[in-house]
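Following: one structure in structure tokens, then a few remarks.
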Amino acid sequence: MELVLPICEALKCFGHLTCTYMEHHRKLERRMNDLLAKQRQLNAIKSDVEMKIKTELRLGRCVRQEVENWLLDVQTINGKIQNIDERTQNLSYFSRGHLGKQVSQTVEEVKEIIEQGRFTGALVIDDPSTAGVPFQLEHLEGETAVIADIWKHLMSDENGMVGVCGMGGIGKTTIMKHIYNQLLEENKSKPLFEKIIWVTVSQDFNITRLQQDIADAVNIEDLPKPKQKRAAVLRNELRQIRHVLILDDVWEGFVLEKVGIPIPIFSNGSRLVLTSRSNVVCRFIGCSEIVEVPPLSNEESMNLFLAHTGRGILKVPSLEEILGDIVGECDGLPLAIAVIAGSMKGIYDVVEWRNALTELGDHVTSVKGTDKEIYGRLKFSFDRLEDSNIQNCFLYCSLYPEDYRIPRVELIEYWIDEGFLERGSRQQLHDRGHTILNRLVNNCLLENAGDDVKMHDVMRDMALYIKHPYFMVKAGTGLKELPGKQEWKDVERVSFMMNMVSEIPPSLSPNCENLSTLLLQNNESLKRISESFFQHMHSLNILDLSYTSIEQLPKSVSNLETLNALVLRGCKELRYVPSLEKLKALRKLDLRGTGIEKVPKGLEMLANLTYLNLCTESLKELPIAILPRLSCLQCLVLYVKLPSVKMNGLEAARLRKLEVFEGRFNELIDFNAYIKSIQGRELTSYLLVMASPKAKFDARPLVEGLNNAFFFNFELLGDCDVKNVFKIVAGHQGTDAIKSIKFQ
């Protein structure tokens, strides 16, 4: 009897294990489907996170470690799921139970990773390795007395707040950059402050954005949403560190306490410096000391001018007097001197200089006595560009938010869409775009910012002054509703990018027959657009709704017959795009990262299309015979991770103008047909994937850094071997192409 109870317990335990094993065995297929469904959900969230990172990531910022770790977890679990999926293809009867258990456990792991990936705050922070990195300084002529005066106030225990004032283009920001760098240098040998913070406020002042910028600078990851709580968090953090806070380009007064900036006093040893065009603003905020930045003297102006043109012009006979007059017209404004000198650089003909003096005098006279007087001087350099396309390229930069770092390639893509670069191959157009950007930078109309460019706030003001009332720009201003229809009259280009607009209601149907460009990208909360909104936009050429939350495009978009570019990149909720049949002028269609399952109706009718991006996981198929009808395509990007979009080699071969191509072939015969077709032609960028229909993977990490790559998944190709592939690639593309082959 003593043995009976233990035996019963053992049998009960064994029975339970057997039942569990049979449960896993019986439900393997169902659980595998659950796992793959969860994987799709996880990878959709991953795509959203990666898109948001790309939007937020700029120079001097890095991805949060928590987010990096999560992305690594996603990569690991995807590898694990791929391994499980492969094992299900060749599974013995007795292994089903064990694998079923593993599948069940993996489903739970994926659920946990999905929950961890629901990040609430910013995905990027200031890169600690670049925090406190000195500015790359522009040439500073004179201003030694001003710098000494500001420094004296910063080092004094009597003054916690200093205002630096002067008209636009006088050099306030440049002076403060020198001060900032000097503070960093002094801190190395004798630590004066724990943190030296630079924040650009700009004309479109927004308390929430200012709070976030300061929080980023001091590495506060998650500010609460209510303004008062945000202010309290900032105030507590700033009170704990001895700091210098430099607020550049302040346009209006505000209460420091409402933002969360503690008033600097003797006991905390911190300092606050503002730069502003108005000393009234500085005094309203509470600056006890105001430092006015005066114009440069004649000698300083001449030295700065020659620093930009080169002293070689002094060797030209009869030029000295004209040169002095031109410098005099600049009125001691460093920005005007730099821009005008930039436009005259390399010119040694006295006649041209004399003509330039006449034109400059006319420009200044036209706005004399107004607060826009500097615009006349700057517009002189703009007019000297002469080519209207280059002028339009410059003016286009003003559609971005103030002080925004504009990615070069993104800007050039807009210029291509607008037709500013005329026609040609994509390589020719991008080369022309980079050449124009370099000219604008060399002429001091734009500034280099790493791989990006920036537009000085005064140059942007001038551009908008030139285009008034034809440009309506409220980019990055925190806008929640679009302006009323009366404000749309006469506009040609409109930019509401990077705002918080959530809906475009039926009541807004602006009558804007001349509107050619509408930029609404990065309004992440935008979900609905009324049918009537596009009703009177018969001249619309460019429509950018990328990175919004729209679920469907209004059917009225089907009637925008002049549309050249429709950009919907990153609209992950988008499920419906109306017929494009009438949009015969369309040259660019970007559906990357959308939620569409079918290609839009009428796609095959877009004979002028040169750019097509269908890189989206949700797309189920690419109907046969569409591609050959798009014979003008120069850029074609398809989704290569999954085999849902199958490429026909002979169809792809008929696209003779392709320069950029990402696609996947599931059969060696299709791959061979396409490679043979491009013999003697050179694609500037390609990612060609060859894999069996069952293979699931991401080729991009393996070919990162390569413009051109062949990617092969041999594990599942069966009778295809390495020798055949080398033979195909080398035979059609030459032996050098073998270097670009990657294997999994």
Side-chain angles (χ1 to χ4, degrees), residues 413 416-417 419 423 425-426 534 540-546 550 552-569 571 574-640 642-667 670-671 673-674 677-678 681 683 686-689:
E413 281 291 323
I416 292 172
D417 299 339
R423 298 291 170 87
S425 69
R426 283 189 65 77
F534 297 108
L540 196 62
N541 290 332
I542 312 295
L543 176 59
D544 193 338
L545 288 161
S546 52
I550 55 171
Q552 60 180 37
L553 270 186
K555 291 180 181 178
S556 53
V557 169
S558 297
N559 298 318
L560 301 177
E561 297 184 22
T562 60
L563 206 61
N564 284 338
L566 178 58
V567 186
L568 301 165
R569 173 177 293 229
C571 296
L574 183 65
R575 300 291 184 271
Y576 172 75
V577 176
S579 173
L580 305 178
E581 186 176 358
K582 294 182 183 178
L583 308 189
K584 301 289 174 52
L586 201 66
R587 297 175 58 80
K588 180 176 192 173
L589 178 61
D590 192 342
L591 292 164
R592 186 185 190 100
T594 61
I596 61 165
E597 295 185 356
K598 298 178 181 178
V599 297
K601 186 180 178 183
L603 177 62
E604 69 279 2
M605 304 299 292
L606 307 181
N608 289 312
L609 207 62
T610 61
Y611 181 108
L612 176 61
N613 195 323
L614 291 172
C615 184
T616 178
E617 186 175 356
S618 58
L619 188 64
K620 301 300 183 187
E621 64 174 342
L622 183 62
I624 296 173
I626 281 187
L627 287 182
R629 300 186 67 173
L630 307 179
S631 58
C632 291
L633 277 181
Q634 296 175 335
C635 175
L636 174 62
V637 181
L638 301 171
Y639 192 72
V640 299
L642 296 172
S644 53
V645 179
K646 301 172 185 176
M647 287 296 300
N648 179 294
L650 293 175
E651 284 193 357
R654 293 171 65 179
L655 300 175
R656 308 295 296 176
K657 296 182 180 180
L658 268 190
E659 298 174 54
V660 179
F661 180 37
E662 291 184 19
R664 170 174 175 151
F665 300 95
N666 293 335
E667 301 292 340
D670 287 318
F671 178 79
Y674 182 69
S677 76
I678 62 173
R681 292 194 290 132
L683 275 70
Y686 58 81
L687 171 59
L688 303 183
V689 173

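Side chains included, hydrogens not; waters and symmetry mates left out as well; all remaining heavy atoms used. By convention here, the first residue in the shown sequence is residue 1.
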Inset, instruction - Heavy atoms only: give me the nearest V637-E662 pair and the separation to one decimal. - result: CG1-OE1, 3.6 Å
Inset, instruction - Give the intermediate values and the outcome of side chain to side chain contact (heavy atoms under 4.5 Å, CB included) for residues L636 and L627. - result: CA-CA 10 Å; L636 174 62; L627 287 182; 4.0 Å; yes
Legend entry - Inter-residue atom distance L614.CG - R592.CZ, 0.5 Å rounding: 11.0 Å
Inset, instruction - Could you tell me which residues satisfy side chain to side chain donor-acceptor pair (under 3.5 Å) with S546, sequence neighbours excluded, listed by chain and number? - result: D544
Inset, instruction - Report the C-alpha distance between L591 and L619 in whole Å, list the side-chain angles of each, state the deciding distance to 0.1 Å, and finish with yes or no for side chain to side chain contact (heavy atoms under 4.5 Å, CB included). - result: CA-CA 10 Å; L591 292 164; L619 188 64; over 6 Å; no
Inset, instruction - Report the distance from atom CE of M605 to atom CG of L630, rounding to the nearest 0.5 Å. - result: 11.0 Å
Legend entry - Distance, nearest 0.5 Å, that separates CG of L574 from CG of L568: 6.0 Å
Inset, instruction - Quick one: list whatever passes side chain to side chain donor-acceptor pair (under 3.5 Å) with S618, sequence neighbours left out. - result: T616
Legend entry - Contact summary for A673 and A653, nearest pair of heavy atoms: O-CB, 4.3 Å
Inset, instruction - Starting at CG of L655, measure out to CG of L633 and round the result to the nearest 0.5 Å. - result: 5.5 Å
Inset, instruction - With sequence neighbours excluded, give me every side chain to side chain donor-acceptor pair (under 3.5 Å) pair touching residues 597-615. - result: R569-Y611
Legend entry - Test salt bridge (Lys or Arg N to Asp or Glu O under 4.0 Å) applied to E651 - qualifying residues, sequence neighbours left out: none
Inset, instruction - Among L553, L563, V599, L606, find the one that has a side chain to side chain contact (heavy atoms under 4.5 Å, CB included) with L580. - result: L606
Inset, instruction - Report the residues that fulfil ring pair (Phe, Tyr, Trp, His ring centres under 6.0 Å) with F661, sequence neighbours left out, ordered by chain and then residue number. - result: Y674
Inset, instruction - Looking only at non-hydrogen atoms, find the nearest pair between L586 and A565 and report the distance. - result: CD1-N, 3.7 Å
Inset, instruction - Evaluate side chain to side chain contact (heavy atoms under 4.5 Å, CB included) for N564 paired with D417, printing each intermediate quantity in order. - result: CA-CA 7 Å; N564 284 338; D417 299 339; 5.7 Å; no
Legend entry - side-chain contact (heavy atoms from CB on, under 4.5 Å) against R656, all qualifying residues, sequence neighbours excluded: S677, R681
Inset, instruction - Please round to the nearest 0.5 Å and tell me the distance separating atom CG of L609 and atom NZ of K584. - result: 13.0 Å
Legend entry - Over 12 foreign heavy atoms within 6.0 Å of CZ, R575: yes
Legend entry - Student check: side-chain heavy atoms of R426 and K657 closer than 4.5 Å: no
Legend entry - Check: T562 side chain, N541 main-chain N or O, donor-acceptor pair, under 3.5 Å: no
Inset, instruction - Kindly write out the residues that satisfy side chain to side chain donor-acceptor pair (under 3.5 Å) with S425, not counting sequence neighbours, or none if the list is empty. - result: Q428
Without placing hydrogens or testing angles, list every side-chain donor-acceptor pair under 3.5 Å for residues 554-561, not counting sequence neighbours.
residue, atom, partner, partner atom, Å
S556, OG, E531, O, 2.8
S558, OG, K555, O, 3.2
S558, OG, S579, O, 2.7
N559, OD1, K582, NZ, 3.1

